[in-house]
Protein chains: 2
Amino acid sequence: MSDGSVSDGPQPGSPESDGSRGDQRRHPRIGFLLSQLGAHATELFADQTRGLGITPSEAGVIRIIGRSAGISQRALADTLGSVQSRVVALIDRLEGAGLVTRTRSSTDRRVQELRLTESGSSVLRSLRHAAEAQEAAIVDGLTSEQAAELFGLLSKLSSLRGLDAEVHVGYRDAPR
Amino acid sequence: MSDGSVSDGPQPGSPESDGSRGDQRRHPRIGFLLSQLGAHATELFADQTRGLGITPSEAGVIRIIGRSAGISQRALADTLGSVQSRVVALIDRLEGAGLVTRTRSSTDRRVQELRLTESGSSVLRSLRHAAEAQEAAIVDGLTSEQAAELFGLLSKLSSLRGLDAEVHVGYRDAPR
DNA sequence: ACTGCATGATTCACTAGATGAATAATTACA
DNA sequence: TGTAATTATTCATCTAGTGAATCATGCAGT
């Protein structure tokens, strides 16, 4: 992901995309900056998970299982905003890598209870450290006042958009 | 893209991803917010391009050709941070849709000169309008002072990261 | 002019991630 | 009991993207 992919999206209106030259851009292009910086943050995060031998998706799975031990694959799919068949493949890999276990529920033998193994928990700890390091890297160059201001504005935007921080990004629009 | 994809990345450290409950989160999680809002902006943009019958990647291609009529596929690939073979497929589609033309250069018959057709230009105009509307939607709910402040902070972050607004996001790391 | 190398476009085989439909096992319920 | 819903799983398929190989063309040096 760190190489030259065409990367769908991150350019909702590039700066001066037309022939009208000069730096008189009528609009702030906050959308463009958000897409660009968001993609950048996302790729930094991907670099870090790659160092741990997992993909960003798998990192998300590990985080969710970490805070909801025993969750079913169905519930995991809902939380991710994904579908069951995708979760099967995801867990297949994480189970094969020894990070997650499947155990049939004793009360409902249809469901697989998902839990982190010891090394799964270790990966989760590494993920948290990586996230903290990344946070520090991102605000590096801003004063703490600026960082606080930025956080406030982004939080406001996020709540205005109805993006609940607890729910996954790809989930807004409901898997039909 | 608007449905439940697992969407790699957009969660560089979710809020309170562990068992330690309570809302005492030590870090602002600006990285998380940036990923989330960036993904959101990207998806809004994708919704708009979909309405025009093109993908976000194709929209990027149209923008570039629009400001550099006669560009070669090779130069386009470099600008996109992609590879020639990918561009072939992209242009195949846009040419088939009647938005772009290929003409062999008279001075160097290896190169294909890319230009927008009339409807290609029309799509480009629609893209610009869509981008403006999206910009308005994004800052809706912020005062103009807040919007200006946010723009300043995001610009600063962007330049700190060395993200040149003219260069595509996926291009930082050079296609080896 | 000839040779050899570089370059632009194209094709092709392959991969990864994702999606929806079908199926089997199990549970819930009328 | 029997019928419907639910969980996990498999499978065929799709799309985007990648790198290698190929072909035609241009160009520099001899």
Side-chain angles (χ1 to χ4, degrees), chain A residues 1-10 46 49-50 54-61 70-96 100-114 168 170-171 173-176, chain B residues 1-10 46 49-50 54-61 70-96 100-114 168 170-171 173-176:
Chain A
M1 187 189 276
S2 61
D3 49 346
S5 74
V6 174
S7 92
D8 274 11
T49 64
R50 195 175 302 117
I54 58 177
T55 67
S57 296
E58 290 163 355
V61 169
I71 191 177
S72 72
Q73 294 186 187
R74 171 60 185 226
L76 177 58
D78 287 348
T79 307
L80 285 171
S82 184
V83 292
Q84 290 172 306
S85 61
R86 180 78 197 109
V87 166
V88 170
L90 241 18
I91 300 297
D92 278 352
R93 238 206 78 164
L94 291 174
E95 192 181 33
V100 165
T101 60
R102 278 192 249 233
T103 41
R104 226 90 225 189
S105 161
S106 52
T107 65
D108 183 344
R109 280 182 323 205
R110 287 172 303 181
V111 338
Q112 298 273 32
E113 299 178 346
L114 303 175
H168 185 94
Y171 191 45
D173 177 326
R176 55 204 131 109
Chain B
M1 189 191 273
S2 62
D3 49 349
S5 73
V6 174
S7 92
D8 274 11
T49 65
R50 195 176 301 117
I54 58 177
T55 68
S57 296
E58 291 163 355
V61 169
I71 190 177
S72 71
Q73 295 187 186
R74 172 59 185 226
L76 177 58
D78 287 349
T79 307
L80 285 172
S82 185
V83 292
Q84 290 172 305
S85 61
R86 181 79 199 104
V87 166
V88 170
L90 243 17
I91 300 297
D92 278 353
R93 238 206 79 164
L94 290 174
E95 191 180 35
V100 165
T101 61
R102 277 192 250 232
T103 41
R104 289 234 100 104
S105 162
S106 51
T107 65
D108 183 343
R109 282 184 320 210
R110 287 171 303 180
V111 339
Q112 299 272 31
E113 299 179 347
L114 304 175
H168 185 95
Y171 193 45
D173 184 322
R176 58 202 130 103

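The structure displayed is predicted, hence computed values, not measured ones. So that the names make sense, note that chain A is the first sequence line, chain B the second, and so on, each numbered from 1.
- Among the nucleotides C/dA9, D/dA8, C/dT11, the one closest to any side-chain atom of B/Asp92 is C/dT11.
- The interatomic distance linking B/Arg50 (CZ) with D/dA16 (P) rounds to 11 Å, in whole Å.
- Ranking C/dA25, D/dT25, C/dA9 by closeness to the B/Asp108 side chain, first place goes to D/dT25.
- To the nearest angstrom, C1' of C/dG17 lies 10 Å from CG of A/Leu90.
- Among the atoms of the strands shown, base atoms are found under 4.0 Å from some heavy atom of B/Val88.
- Here the side chain of A/Val83 is nearest to one of C/dG20, C/dA9, C/dT27, namely C/dG20.
- Of all nucleotides listed (C/dT27, D/dT7, D/dG17), C/dT27 comes nearest to the side chain of A/Arg109.
- Among the candidates B/Gln84, B/Arg102, B/Gln112, the single residue satisfying the side-chain hydrogen bond (donor to acceptor under 3.5 Å, both in side chains) test with B/Gln73 is B/Arg102.
- To the nearest angstrom, P of C/dC5 lies 16 Å from CZ of B/Arg110.
- In this structure, the side chain of B/Ser105 does not engage the main chain of B/Glu113 through any donor-acceptor pair within 3.5 Å.
- Residue B/Arg102 places at least one side-chain N or O under 4.0 Å from the OP1 or OP2 atom of C/dT10.
- For B/Ser85, the listed nucleotide lying nearest its side chain is C/dC12; candidates were D/dA8, C/dC12, C/dA6.
- Dashed line: the shortest gap from a side-chain N or O of A/Gln84 to OP1 or OP2 of D/dT9 is not under 4.0 Å.
- Of the candidates D/dG17, D/dT9, C/dA9, C/dA9 carries the atom nearest the B/Gln112 side chain, counting heavy atoms from C-beta on.
- Minimum atom distance to the side chain of B/Arg86 is reached by D/dT18, of the listed C/dA9, D/dT18, D/dA8.
- Straight-line distance from the CZ atom of B/Arg74 to the C1' atom of D/dG26: 15 Å, rounded to whole Å.
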